[in-house]
Number of protein chains: 2
Amino acid sequence: MKVTGDQALVKKINKSIILHTIRMFSPVSRAKVSEMTGLNKATVSNLVAELCGQELVTEAGPGESSGGRKPLMLHFNAMAGSVIGIELRVKQLTAVLCDLGGGILQELDYRLEAHDFPYVLEQMKRIIADLIAMAPPSPYGIVGIGVGVPGMVDEHGVVLFAPNLGWEMIDLRSILENSFSVPVTIDNEANAGAQGELNFGAARDVRHLLYISAGSGIGSGIIIGGELYKGARGYAGETGHMTIEAEGKPCSCGSRGCWELYASEKTYDNSGLTLPARTTRELVRHARSGQEDALRHFSSMGEYLGIGVTNLINSFNPELIVIGGALSEAEPWLGEPLRRVVAERTLPYHKQQLEITFSKLGSRGTMIGAGFSAVMHFLGNIRVTL
Amino acid sequence: MKVTGDQALVKKINKSIILHTIRMFSPVSRAKVSEMTGLNKATVSNLVAELCGQELVTEAGPGESSGGRKPLMLHFNAMAGSVIGIELRVKQLTAVLCDLGGGILQELDYRLEAHDFPYVLEQMKRIIADLIAMAPPSPYGIVGIGVGVPGMVDEHGVVLFAPNLGWEMIDLRSILENSFSVPVTIDNEANAGAQGELNFGAARDVRHLLYISAGSGIGSGIIIGGELYKGARGYAGETGHMTIEAEGKPCSCGSRGCWELYASEKTYDNSGLTLPARTTRELVRHARSGQEDALRHFSSMGEYLGIGVTNLINSFNPELIVIGGALSEAEPWLGEPLRRVVAERTLPYHKQQLEITFSKLGSRGTMIGAGFSAVMHFLGNIRVTL
DNA sequence: AAACTTTGTTTAACCAATATACAAAGTCAG
DNA sequence: CTGACTTTGTATATTGGTTAAACAAAGTTT
């Protein structure tokens, strides 16, 4: 958008700074906010008064004195409104009702019996309506809905392609916005997961993060400078189709040797796996009981995960890598080979700073992240770069 | 940096907007600037007066009337100062003296007889001093020096590692700043090339650009949102060591199957190439005369380039890819196989929008880009994101 | 020649941040 | 308990930027 400077912008910037400072550090006093942000005490007082008027900030009682008048502590009012975060999976629709601080108020879980869009949309509307009915009364009510989808999503919230659902070119955002008259954000499942980890999980306050969602395929959520990077048309992060064997196995995408053929649940189909395991959960059970074949398989997947992760490290130089998705449940078996291969193959300078973690939010990461997108959309976030 | 909003910031933002508008569209009238930026006519008048006082903008004569008073055309004063852009290569030091608009005023070219840092530094100082001596008189004089280096550079301008020079941990920026008392920017060679293409070459006004420098190795300059992305520690874009054959040839980096072993000038050494060619220039000469072996070799390199480019497209979803570096001279032979492989292997949705071009600036791209970094550092650039 | 257009400047008003002074509410030493 | 000091938060006047509106200057069109 075309932005120019005027006093309204100044006010927006400072109000945003103050609100997010209170959100991150509450409870906190006006004086502390002034000190941390560099804004004048009077400015903070004025804007906090407005924020209180908007019910986004509340005054709690006095805090501990540090040798003078007791400070009046401010809280971010997470209960000023609520958001709905949804994860759409192949066989399941999971959703949470969150407050503005990311706290889970309600959680629902519907089975999906089919994939056709009309049916799924109906279920989606139902789960949303059910959660809206459960929402506690609040000044702003439901302020947004966020959805994480297993497929490519463009910048306008159109689902371009979701192979596992058989969807193509579905303007999910407009449909839901028209149904519920609330801002809706649609994100790729990995992108939503990345936002979840960034704000509530393993990656708080990381500036450059790579979230790798490994499950039935592999997708990545890329956080650059604290913000989601979506690419030119919205489908950055399709890393599962990165070639790691130039003349490797043919892939359904038309290419060969794609990463996800070697390091995702797709290996359960086409490898000569002798065990009766078609899901990660089953394979984890076998591995836990010491089954040789399962252990070998996880070891191989971990190594291949490491190869792809190394490629991404060399390209992005992130501070932190978080492995999420269904495969994160197999951390005890994947972690060692993955880290070993990364250590072997990565350039020496990367080794010093880089950390690799597995998801802390588990299977809830995507829907929490989707909900958080909606929260940020509501609160707004202005940033100035010099 | 901690930025808050106040009137000084507003003024900086608007002045920056106006200056860059004039820079991009000059000659242009105050009225036009006001219309394009959305700023009030009075605001534009005031700030333009200041910019004229700073000699960054000049008033040229009147322009064509469009049915009313003739506009007074404004020009960006590219001659207000000059910058020096340097490319450090293995056997050569090339440098340009540019005006603030990127126009080349002088060009020098020194042979390097050795790689040890003291010697190279001496030559560098000499080439800088020589260009300074040639600089035309101007209000600001030399306002900055930019250097493109074949290696990894951290965020503070320290050369972490330059394998082809045998350098490690050299604080080039501080050394040059102390010698010449002028702001110095040090960039990876690919990053500088990307900036060059972005501002003067094939990629003007592209928001998400991938510049691939293919020569003795492969490196990438990543432009995200119109700005160079350097990663957490400054060495994003080391894509040459992306694995494209999991169990491929061993690489000096310690890994295996690295992209640059198959798609850079490194192939001239270790392939069973029967021809007496050790440089791209020689191989191009052979290809031009229809030599079978050379044609086959380029075809193979083009295909492997395509594999790596596909991987990067899937990760970054850029608008445009520019192939630069020494291999860009072989465009007639590399172009077809590269584009063919990308078309075969890339996901269907990428195909629609993506463009792949070869460098327009040729061998000058890096030094021009390095110089441009210095220009932008001098002019400043504030941006507000909502 | 009169009416209209376009460009650029002048004027007064507005408004957000700020420095400064100040009021309120505490601590601490003796 | 008292007086000096600290810390928190508010009130006031000032500063300095953008802006709308009026205006002046310079062309064009009919």
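Chain letters run A, B, ... following the sequence lines, proteins first, then strands; residues in each count from 1. All of these numbers come straight from a predicted model, not from anything done at the bench.
- Between B:Lys11 and D:dG17 there is a side-chain N or O to OP1 or OP2 distance below 4.0 Å.
- Between B:Glu35 and B:Asp6, the residue whose closest nucleotide on DNA chain C is further toward the 5' end is B:Glu35.
- For A:Lys70 against C:dG26, no side-chain N or O and base N or O form a donor-acceptor pair under 3.5 Å.
- As a whole-Å value, the separation of B:Glu50 CD from D:dG16 C1' is 12 Å.
- Within the 6.0 Å centre-distance limit, the rings of B:Phe378 and B:Tyr140 are counted as a close aromatic pair.
- Rounded to whole Å, the distance from CD1 on B:Ile17 to C1' on D:dG17 is 14 Å.
- The residue A:Asn46 sits apart from the nucleic acid: no heavy atom pair falls under 4.0 Å.
- Centroid-to-centroid, the aromatic rings of A:His208 and B:Tyr229 come within less than 6.0 Å.
- If you take CD of A:Glu64 and P of D:dT6, they are 20 Å apart, rounded to a whole angstrom.
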Could you walk me through whether B:Arg233 and A:Glu319 satisfy the salt bridge (charged side-chain N to carboxylate O under 4.0 Å, His left out) test, starting with their C-alpha distance in whole Å, then the side-chain angles of each, then the deciding distance to 0.1 Å, before giving a yes or no? CA-CA 8 Å; B:Arg233 312 300 305 168; A:Glu319 281 165 76; over 6 Å; no
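- Among the heavy atoms of the strands, none lies under 4.0 Å from A:Ser34.
- The base of C:dT7 sits within donor-acceptor range of the side chain of B:Arg69, with an N or O pair under 3.5 Å.
- Taking the charged nitrogens against the carboxylate oxygens, A:Arg30 and A:Glu59 do have a contact shorter than 4.0 Å, which makes a salt bridge.
- In this entry the distance linking CG of A:Asn40 with P of D:dT8 reads 14 Å, nearest Å.
- Listed candidates were D:dT19, C:dT7, D:dG17. Nearest to the side chain of B:Thr43 is D:dT19.
- The interatomic distance linking B:Lys41 (NZ) with D:dG17 (P) rounds to 22 Å, in whole Å.
- Comparing C:dT18, C:dG8, C:dA17 against the side chain of A:Ala42 picks out C:dT18 as the nearest.
- To the nearest angstrom, P of D:dG9 lies 15 Å from CG of A:Leu39.
- Between A:Gln7 and A:Leu72, the one whose closest nucleotide on DNA chain D sits nearer the 5' end is A:Leu72.
- Place B:Gly67 and B:Thr4 on DNA chain C by their nearest nucleotides, and B:Gly67 ends up nearer the 5' end.
- Taking atom CG of A:Leu9 as the reference point, atom P of D:dG16 lies 20 Å away to the nearest angstrom.
- A:Ser29 comes within 4.0 angstrom of the backbone, heavy atoms only, and of no base.
- Spacing between atom CG of B:Leu47 and atom P of C:dG8 amounts to 15 Å, rounded to whole angstrom units.
- No hydrogens or angles were tested; on distance alone, nothing pairs the side chain of A:Asn14 with the base of C:dA17 as donor and acceptor under 3.5 Å.
- Less than 6.0 angstrom separates the ring centroid of B:Phe316 from the ring centroid of A:Phe316.
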